[in-house]
Amino acid sequence: MKWIDYMFCANQCYARVRNGEELVRQVKEELGIEINIIDGHLEAELINKAIASYLYDETYLHIDVGGGSTELNLFAKGKKIKPFVQSWIRSHS
């Protein structure tokens with residue numbers, strides 16, 4: 001497999017925590033790696049693109065368990081048919 005492009009991402013938890021931006025800045029300074037803080041929609045889109053090429057021959061149920069949500073997505077012949085169930089759980093601490 002040949003790499004075409006890459007990006008380093010942090011999910012929206014980094015946007016919500018007090019030191020998320022500081023951590024991103026520190027990684028950039030110390031390692032030279034730029035981390036993009038992305039929202040949940042882009043995160044789901046990137047995950048779906050990454051796995052779709054492996055789900056080409058049958059129908060699959062993909063369960064994406066995240067820190068704040070769980071999504072069930074139905075794939076048929078490599079294409080996402082629809083989000084099946086989506087539930088959000090938030091901590092109010």
Side-chain angles (χ1 to χ4, degrees):
M1 177 198 289
K2 233 181 189 181
W3 291 98
I4 297 171
D5 202 359
Y6 67 92
M7 68 188 264
F8 292 91
C9 301
N11 64 18
Q12 57 188 191
C13 290
Y14 281 81
R16 289 194 303 262
V17 297
R18 268 181 282 178
N19 65 341
E21 290 290 337
E22 173 62 21
L23 179 60
V24 168
R25 186 194 59 72
Q26 195 172 1
V27 169
K28 172 81 172 166
E29 279 182 11
E30 293 181 19
L31 302 175
I33 296 171
E34 188 168 332
I35 298 176
N36 299 293
I37 297 178
I38 60 174
D39 66 22
H41 295 289
L42 180 55
E43 181 182 3
E45 182 182 329
L46 292 171
I47 291 169
N48 289 330
K49 283 182 179 180
I51 67 169
S53 64
Y54 296 99
L55 308 177
Y56 55 86
D57 58 346
E58 294 183 31
T59 300
Y60 295 89
L61 176 64
H62 170 248
I63 303 171
D64 179 5
V65 179
S69 69
T70 300
E71 296 175 17
L72 283 68
N73 296 298
L74 198 57
F75 284 81
K77 301 191 187 302
K79 295 190 184 210
K80 181 174 161 182
I81 296 173
K82 66 176 183 171
F84 200 174
V85 173
Q86 186 173 22
S87 65
W88 297 92
I89 302 167
R90 293 280 184 241
S91 171
H92 296 287
S93 54

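Atom set for the values below is all heavy atoms of this structure, side chains included, hydrogens, waters and symmetry mates excluded.
Leu61 and Leu55 fall into different hydrophobic clusters, where Ile, Leu, Val, Met, Phe, Trp and Tyr side chains are chained together by heavy-atom contacts under 4.5 Å. One hydrophobic cluster, built from ILVMFWY side chains closer than 4.5 Å, holds both Leu23 and Ile37. Note on Tyr60 and Leu74: separate hydrophobic clusters, where clusters join Ile, Leu, Val, Met, Phe, Trp and Tyr whose side-chain heavy atoms are under 4.5 Å apart, directly or indirectly. Under the 4.5 Å side-chain heavy-atom criterion for ILVMFWY residues, a single connected hydrophobic cluster contains both Ile33 and Val24.
The pair Glu45-Lys49 meets the salt-bridge criterion, with a side-chain N (NZ, NE, NH1 or NH2) lying under 4.0 Å from an Asp/Glu carboxylate O.
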(Q) The test is side chain to side chain contact (heavy atoms under 4.5 Å, CB included); show your working for His62 and Ile47 and say whether it passes. (A) CA-CA 10 Å; His62 170 248; Ile47 291 169; 3.8 Å; yes

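Atom-to-atom distance recorded for Glu30:CD and Arg25:CZ is 8.5 Å, nearest 0.5 angstrom.
Listed here is the closest heavy atom pair of Ile35 and Cys9: CG2-C, 3.8 Å.
Distance alone, capped at 3.5 Å, places no donor-acceptor pair between the Asn36 side chain and the Ile38 backbone.
Heavy atoms from other residues, nucleotides or ligands lying under 6.0 Å from CD of Glu22 number more than 12.
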